[in-house]
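What follows is one structure encoded as structure tokens, with my remarks underneath.
Values in this document were obtained by computation on a predicted structure and should not be read as measured data. To find a chain, count down the sequence lines: A is the first, B the second, and so on, and within it residues start at 1.
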Protein chains: 2
Amino acid sequence: MVPTVTLQTIADIVGVSRSTVSRVLSDQQNHHRISARTAKSITLTAKELNYIKNEGARSLRVKKTSTIGVIVRDITNPFYAQLVKHIDNALYQEGYTVIISSTGYDLAKERGHISFLLSRKVDGIILSPIQKSYENVLLVKEHDLPLVLFDCKIDEIESDYVVVSNEASSANGVNHLTSLGHRKIAYIGGDQDDSNNRLRFAGYKKALTHAAIPISEKYVRHGSYTFRHGFSAAKELMHLEDTPTAIFVANNRIVLGTYKGILDSSKRIPGDVSIVGFDDFETAAMLASPLTVIRQPLEEMAAIAVDLLLTKIKSGNRPPYVVNKLDTELIFRGSTGPVN
Amino acid sequence: MVPTVTLQTIADIVGVSRSTVSRVLSDQQNHHRISARTAKSITLTAKELNYIKNEGARSLRVKKTSTIGVIVRDITNPFYAQLVKHIDNALYQEGYTVIISSTGYDLAKERGHISFLLSRKVDGIILSPIQKSYENVLLVKEHDLPLVLFDCKIDEIESDYVVVSNEASSANGVNHLTSLGHRKIAYIGGDQDDSNNRLRFAGYKKALTHAAIPISEKYVRHGSYTFRHGFSAAKELMHLEDTPTAIFVANNRIVLGTYKGILDSSKRIPGDVSIVGFDDFETAAMLASPLTVIRQPLEEMAAIAVDLLLTKIKSGNRPPYVVNKLDTELIFRGSTGPVN
DNA sequence: TAAGTTTGCGCAACCGATTGCCCCGATATT
DNA sequence: AATATCGGGGCAATCGGTTGCGCAAACTTA
């Protein structure tokens, strides 16, 4: 067992007090005059002993941890993985360390992770909350911790937000389909409690209405953001007597299932049915029918989230709150074509 | 600003001492007799004030943090994302919280993250190290911190390991190709410093030798675990005068590039060239030519890594060290076919 | 040479929680 | 009535660093 090296260890060896060691190792010699010899001797023994400052102890005293918590719904979703990577990079630049956690759409785990972050006294949280319930978000607010929510918009909660223009983006995607002549357009979406899903669905409806197409319930499949849901919904749609000629899909996980479900029903993409998906991802372009998708500006979202959070931290978590709504990009690929 | 609620705050309100509050809130009333009335009153006010224990302070005192650091090379790689998810789940069950970080194959960041974990006094680390240099790993060992390395094997470092049978697995994959009649089989791999790459390459060579096929340098492309490398290597191979009829690819990122590079060269899969890739992933089965791949047992790897680590923690980080080598599974799909 | 400055560093309180030990009052025992 | 015993809880040290304040010695300055 390696004995723990603390300030005192070094102080004893060098023959000075803890204070002096602390000052040297915190590089605060500017304010406190310490002889070059003492300083050198301290840094040297610190190196020699592999001294590492106990940040826990330090945080306790200075009441800040220089760490930020980032909680996403599902780290295995490349959308979040990418986002987290960019957030991590940006925060790293600013001298913060990031604690990443993933809830897997489980409220209890979300609560657990938030409690953890609170109990570790992180300086701020960037959170993509599960929207089945927002009590966990309130927990953060109750503790007056700087908070940025992203990839969601909870009307009941005042906070900083980073989102994309979900409604307009979807409308844009669906307009693309109607302009190709499609009139039987289905919607496969996620959780009904999810604000993204609601807004994307709203955009879908708006575009249909704009094209004077009635909304038909039989073409609408809310569910969950999973491959499974996309798969089964697609198969259901393909077995309708009056099958849709196009499908708008609200998320990257669902769209893979949808894709598979369609092929499984012996339909062709885009020959029999066109697809537009929300979210771009690496393999979207490499499928047999490369997917036409709505791409979210991941890096920008991350940068803005970080920026908002740091501003809040520096301001002592004071209002105003800002909702940042970013534009998306429609990437045309091979999964959409004119209606037969 | 919400004033911080501490044990003292509660103690003052209830009219007892910090000690008593601590004992009640730590559920240690077994050892210390505290009247039911006092206890109830304490828990009540704690709830009311939204008290959250300062884990930093607690850790300082009890000298353990109940948190584990997990460092992977690239969280955007679904292989690691999945692994991390499983590790997180397993550790969560055991009452640990996990700090995830991703190095992006950057040694400086790896060092930064390790330093962070050391300074936060995590109870243990699960690490998938960058193998360009292993000084960072030594850093952990110097501090005598329980450590499990995974997805790598560094001969110079004694430690617990979780790996797959890289050599045998590759040989198996390549055998599949030779048994289909292929004799011109290329290898597209990752970093030469990487133990996985070396072993996978060794397996490749072993299988060729076994089939009495000479190793040809022109068919071997080491590089990096990136899409880009896979793409350019594939294009180079496809422009050889004597193009290979099959390619064995050492990782999931590379294989996507390889796939794209082949199609870009107007070759067909598996008509002109067969592919076997290391690592399975969600979309592998959904490409125009579903990929034949070697699947690693992610969940099992995670479980074993966690198990090894917890054992080390409980034993006070004492030897012996164990190297756990797991078997893989060859998943046959459409990207491999008989040679023409 | 006395007074004023500067240099170099230590003292001790503090951050929030834990815990070994002690103590007081009340009831039980003899 | 004197001694044990036990229920209920406080004291104070401790974990490792940080920091306002103070102080002695060395050096200037007049």
Side-chain angles (χ1 to χ4, degrees), chain A residues 2-43 45-46 49-66 115 118-123 143, chain B residues 2-43 45-46 49-67 118-123 143:
Chain A
V2 179
T4 315
V5 178
T6 72
L7 285 186
Q8 192 65 60
T9 319
I10 299 176
D12 290 346
I13 294 177
V14 178
V16 293
S17 72
R18 290 213 300 293
S19 329
T20 303
V21 179
S22 170
R23 281 168 182 134
V24 169
L25 263 29
S26 307
D27 213 30
Q28 301 190 329
Q29 309 168 47
N30 330 323
H31 306 289
H32 278 264
R33 346 207 114 268
I34 286 164
S35 75
R37 265 188 43 259
T38 306
K40 184 157 303 175
S41 149
I42 288 175
T43 43
T45 43
L49 270 49
N50 275 312
Y51 172 71
I52 288 199
K53 191 179 314 198
N54 184 325
E55 279 298 331
R58 169 164 212 281
S59 305
L60 183 57
R61 181 65 228 259
V62 303
K63 286 176 158 300
K64 68 190 268 316
T65 54
S66 294
S115 295
L118 290 174
S119 72
R120 303 312 291 197
K121 303 289 182 212
V122 294
D123 293 342
H143 286 267
Chain B
V2 180
T4 316
V5 178
T6 73
L7 285 186
Q8 191 63 62
T9 319
I10 299 176
D12 291 347
I13 293 178
V14 178
V16 294
S17 74
R18 290 212 299 290
S19 329
T20 304
V21 179
S22 171
R23 282 170 183 134
V24 170
L25 265 27
S26 306
D27 213 29
Q28 301 191 328
Q29 308 169 45
N30 330 324
H31 306 290
H32 277 265
R33 346 210 116 261
I34 288 166
S35 74
R37 266 187 42 260
T38 306
K40 185 158 303 176
S41 148
I42 288 176
T43 43
T45 43
L49 269 49
N50 275 311
Y51 172 72
I52 289 199
K53 192 179 311 198
N54 184 326
E55 278 298 331
R58 170 164 212 281
S59 304
L60 182 57
R61 181 64 228 261
V62 303
K63 285 175 160 302
K64 67 189 270 314
T65 54
S66 293
T67 105
L118 290 174
S119 71
R120 304 310 293 196
K121 303 288 181 212
V122 294
D123 292 342
H143 287 267

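- Note on A:R61: every side-chain N or O is 4.0 Å or more away from OP1 and OP2 of C:dC14.
- The distance from atom CZ of B:R37 to atom C1' of D:dG8 is 12 Å, rounded to the nearest whole Å.
- A sub-4.0 Å separation between OP1 or OP2 of C:dC15 and a side-chain N or O of A:K121 is absent.
- Distances shorter than 4.0 Å separate none of the side-chain N or O atoms of A:K64 from OP1 or OP2 on C:dC15.
- Applying the 3.5 Å distance criterion, the base of D:dG17 shares no donor-acceptor pair with the side chain of A:R23.
- With hydrogens and angles ignored, a donor-acceptor pair closer than 3.5 Å exists between the side chain of A:S19 and the base of C:dA12.
- Distances were taken from every side-chain heavy atom of A:T20 (C-beta onward) to each of C:dA13, C:dA17, C:dC9; the shortest belongs to C:dC9.
- Projected onto DNA chain D by closest heavy-atom contact, B:L60 and B:T38 fall at different nucleotides, the more 5' of which corresponds to B:T38.
- Under 4.0 angstrom from either OP1 or OP2 of D:dT19 there lies no side-chain N or O belonging to A:S22.
- Looking at heavy atoms from C-beta onward, B:N50 lies out of side-chain contact with B:V5 at the 4.5 angstrom threshold.
- When atom types are taken as modelled, the side chain of B:T43 and the backbone of B:K40 share a donor-acceptor pair closer than 3.5 angstrom.
- Side chain of A:A57, nearest nucleotide from C:dG10, D:dT18, D:dG16: D:dG16.
- One finds a side-chain N or O of B:S35 lying less than 4.0 angstrom from the OP1 or OP2 phosphate oxygen of D:dG9.
- A side-chain donor-acceptor contact under 3.5 Å links A:T45 to the backbone of A:I42.
- When rounded to the nearest whole Å, the span between CD1 of A:I34 and C1' of C:dT7 equals 11 Å.
- The distance from atom CD of A:Q8 to atom C1' of D:dG16 is 10 Å, rounded to the nearest whole Å.
- Listed nucleotides: C:dA17, D:dG16, D:dT18. Nearest to the side chain of A:N54: D:dG16.
- Atom CZ of A:R18 and atom P of C:dC14 are 14 Å apart (whole Å).
- The CZ atom of A:R120 sits 20 Å away from the P atom of C:dC15 (whole-angstrom rounding).
- Between B:Y51 and C:dG16, a side-chain N or O to OP1/OP2 separation shorter than 4.0 Å is absent.
- For A:S17, a side-chain nitrogen or oxygen approaches OP1 or OP2 of C:dG10 to under 4.0 Å.
- Regarding B:R58, its CZ atom lies at a distance of 12 Å from the C1' atom of C:dT19, rounded to whole Å.
- With contacts defined as side-chain heavy-atom distances shorter than 4.5 Å, the pair B:L25/B:I10 qualifies.
- A sub-4.0 Å separation between OP1 or OP2 of D:dG16 and a side-chain N or O of B:K63 is present.
- The interatomic distance linking A:I10 (CD1) with C:dG10 (P) rounds to 14 Å, in whole Å.
- B:L49 is listed as a side-chain neighbour of B:T9, based on a closest heavy-atom distance under 4.5 Å.
- Partners of B:S59 by side-chain contact (heavy atoms from CB on, under 4.5 Å), not counting sequence neighbours, listed by chain and number: A:R120, B:E55, B:T65.
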